[in-house]
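Okay, structure first, notes after.
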There are 2 protein chains.
Amino acid sequence: MVAIEPSKTQRLYLLLKEQILKGVLSPGHRLPSEPQLAAQHRLSRVTIRRALEGLEQDGLIRRQPGAGTFVLDARPRKGVVGDLSNMLAHLVAMGRATRAKLLSFSYQPSTPAVSAALKLAEGERVQHSIRVRYIDDTPFSHLTTYVPERIGVTYSEADLASTPLLTLLERSGVVADRASQTVTATLAGPEIAELLQVEIGSPLLSMTRVVYDDHGRGVEYLSALYRPDLHSFQMEMTRTGIGAERRWSPVSSLTRPGTDTKPLPGRGNPRRPSITPL
Amino acid sequence: MVAIEPSKTQRLYLLLKEQILKGVLSPGHRLPSEPQLAAQHRLSRVTIRRALEGLEQDGLIRRQPGAGTFVLDARPRKGVVGDLSNMLAHLVAMGRATRAKLLSFSYQPSTPAVSAALKLAEGERVQHSIRVRYIDDTPFSHLTTYVPERIGVTYSEADLASTPLLTLLERSGVVADRASQTVTATLAGPEIAELLQVEIGSPLLSMTRVVYDDHGRGVEYLSALYRPDLHSFQMEMTRTGIGAERRWSPVSSLTRPGTDTKPLPGRGNPRRPSITPL
DNA sequence: TGTATTTGTATTAGATATAGAACATTTTGC
DNA sequence: GCAAAATGTTCTATATCTAATACAAATACA
């Protein structure tokens, strides 16, 4: 029995794509010729060409008969470089058109995992919703939320489709006090891939967040998926303390779209951080 | 021209693997029967079986003729649930065996991307290194670093294989003052996959960090890849301010391995945050 | 016990991936 | 202009992937 491996074409395709997007191969750079690539990777020229065709479709390379294959100006529309901690508020402030599509809205008995996270009693019911958020008609996040039923009943289906969940919660008298969020990487399954308009098997940023009120009770469980080509999680840190006690302190910052990783001007002057009210 | 896609077998294999490792399918849980899976995913039973065979080889499932297919005690050695911000120090504190393998060590002319991030002059040279860090003989991170040559010369190859880079830098008189880090998701290419002992095409957490000294000059450019099954990036947040000015403030926290997302006890009492001295 | 369900195994057929080769067309550079 | 080298195109041949089907063996349950 052989280990399950991706096709050779896809292997090469992803490899080259990574290198181009990562900047290892800078724009204007000429790739080795197809026969050379075939020799280097010990693949047939047919396979090489299939991979290059994929890159060409992606607009990452330009192939000129007789001349060669050249890397184009990579990172095409990396337009939105967001901070997961304040993305939505930031986008709205920029006047970008944002809308959410409500895919599911129901009341269910809680699952074990959600119950544990929200500290619910056995069999307690939760309000469950699935949304996809778009920016300029491009899907950029897939949101699955669970809210204890007693809180969930305070807002309607229409509310959820138009208003950020955390706003709804606070409007209902919930006092959000603490949150714990975890960021990981996953793969896009068939449904998610279609909803976020990416290839099946594409990498996705996965964030799980649990929000607690001032009594330590869980009020929201959020599982979010983001397209890494549209968003990344960024944070600024400063060095504080002296001697052996010198450590790094996080400073949540705003990142302007189109602006690359840029440290805060001067020192001190931390921006006011915020969390996405999704 | 068709987009380059992974094989259906591999697609399903990775998808199920993710769900098992992520805990969506808990140990002891019985998977749908092969015909059911075939119907759900609209694949033939042959394909379903190939994917399951891969999972069986990985020791993730048990297949019993006549009975069904069951999820085994997943995350066998999920031991390490780390915080990217202070992972290494934390692991060391726990007495886990950590070692780094130095794969490459050289001085090169800087690439455009690195030059921009570190604010180097045109053509300035950098010290480049690639390392893989292991914990208990399991690879968990792939580290690529660039340091301006004037700083890089202050430590040796042996230093780098044994001592965290940031420690070396500070030993050389560099004053690390600010850092900017970005977290995204990527796919594992052939070499990375082999080094980190994952399948080609598996999702990886990608972190890029730039450290600046007190004069705002870049002193370290780090590109790190982490296995999401072994690590996730976690942060705690608290609500501060009042009224319309009420916002979320990040509180970098320690996560104990084996302990799932758990809010800080009481309120206030923020842990002293730190950054990984990789 | 008997029946339904499940996994294991085998066969057939078609679609696709890959290798290898030949030749045309375009560009580059002498 | 000419030769070399690059991509574009077409073809043959083999191996693998996937679908579809049938049947055997093991298990669960009434």
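Order of the sequence lines fixes the chain letters, A, B, ..., with proteins taken first and strands second; residue numbering starts at 1 for each chain.
- Contact of the B:Leu15 side chain with the B:His41 side chain is registered, since non-hydrogen atoms from C-beta on lie closer than 4.5 Å.
- Atoms CZ (B:Phe70) and P (C:dT6) sit 11 Å apart, rounded to a whole Å.
- A donor-acceptor contact under 3.5 angstrom links the side chains of B:Ser129 and B:Thr145, judged on distance only.
- Minimum interatomic distance between B:Leu205 and B:Pro228 (heavy atoms only, all atoms of both residues): N-CD, 4.2 Å.
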Using a cut-off of under 3.5 Å, enumerate the N/O to N/O pairs linking the protein to nucleotides 11-18 of chain C.
{"unit_1": "C:dA17", "atom_1": "OP1", "unit_2": "A:Arg50", "atom_2": "NH1", "d": "3.2"}
{"unit_1": "C:dA17", "atom_1": "OP2", "unit_2": "A:Arg50", "atom_2": "NH1", "d": "3.0"}
{"unit_1": "C:dT18", "atom_1": "OP1", "unit_2": "A:Lys8", "atom_2": "N", "d": "2.7"}
{"unit_1": "C:dT18", "atom_1": "OP2", "unit_2": "A:Thr9", "atom_2": "OG1", "d": "2.2"}

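- Look at CZ on B:Arg62: it is 16 Å from C1' on C:dG8, rounded to the nearest Å.
- When rounded to the nearest whole Å, the span between CZ of B:Arg11 and P of D:dT18 equals 9 Å.
- The CZ atom of A:Arg42 sits 12 Å away from the P atom of C:dG20 (whole-angstrom rounding).
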Protein N or O to nucleotides 2-7 of chain D N or O, pairs below 3.5 Å:
{"unit_1": "D:dA6", "atom_1": "N3", "unit_2": "A:Gly66", "atom_2": "N", "d": "3.4"}
{"unit_1": "D:dT7", "atom_1": "OP1", "unit_2": "A:Thr69", "atom_2": "OG1", "d": "3.1"}
{"unit_1": "D:dT7", "atom_1": "OP2", "unit_2": "A:Glu34", "atom_2": "N", "d": "2.8"}

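- Residues A:Glu220 and A:Arg209 have side chains in contact (heavy-atom distance under 4.5 Å, counting atoms from C-beta outward).
- A donor and an acceptor atom, one from each side chain of A:Thr144 and A:Ser223, are nowhere located under 3.5 Å apart.
- Atom CD1 in B:Ile48 sits roughly 12 Å away from atom P in D:dA20 (whole-Å rounding).
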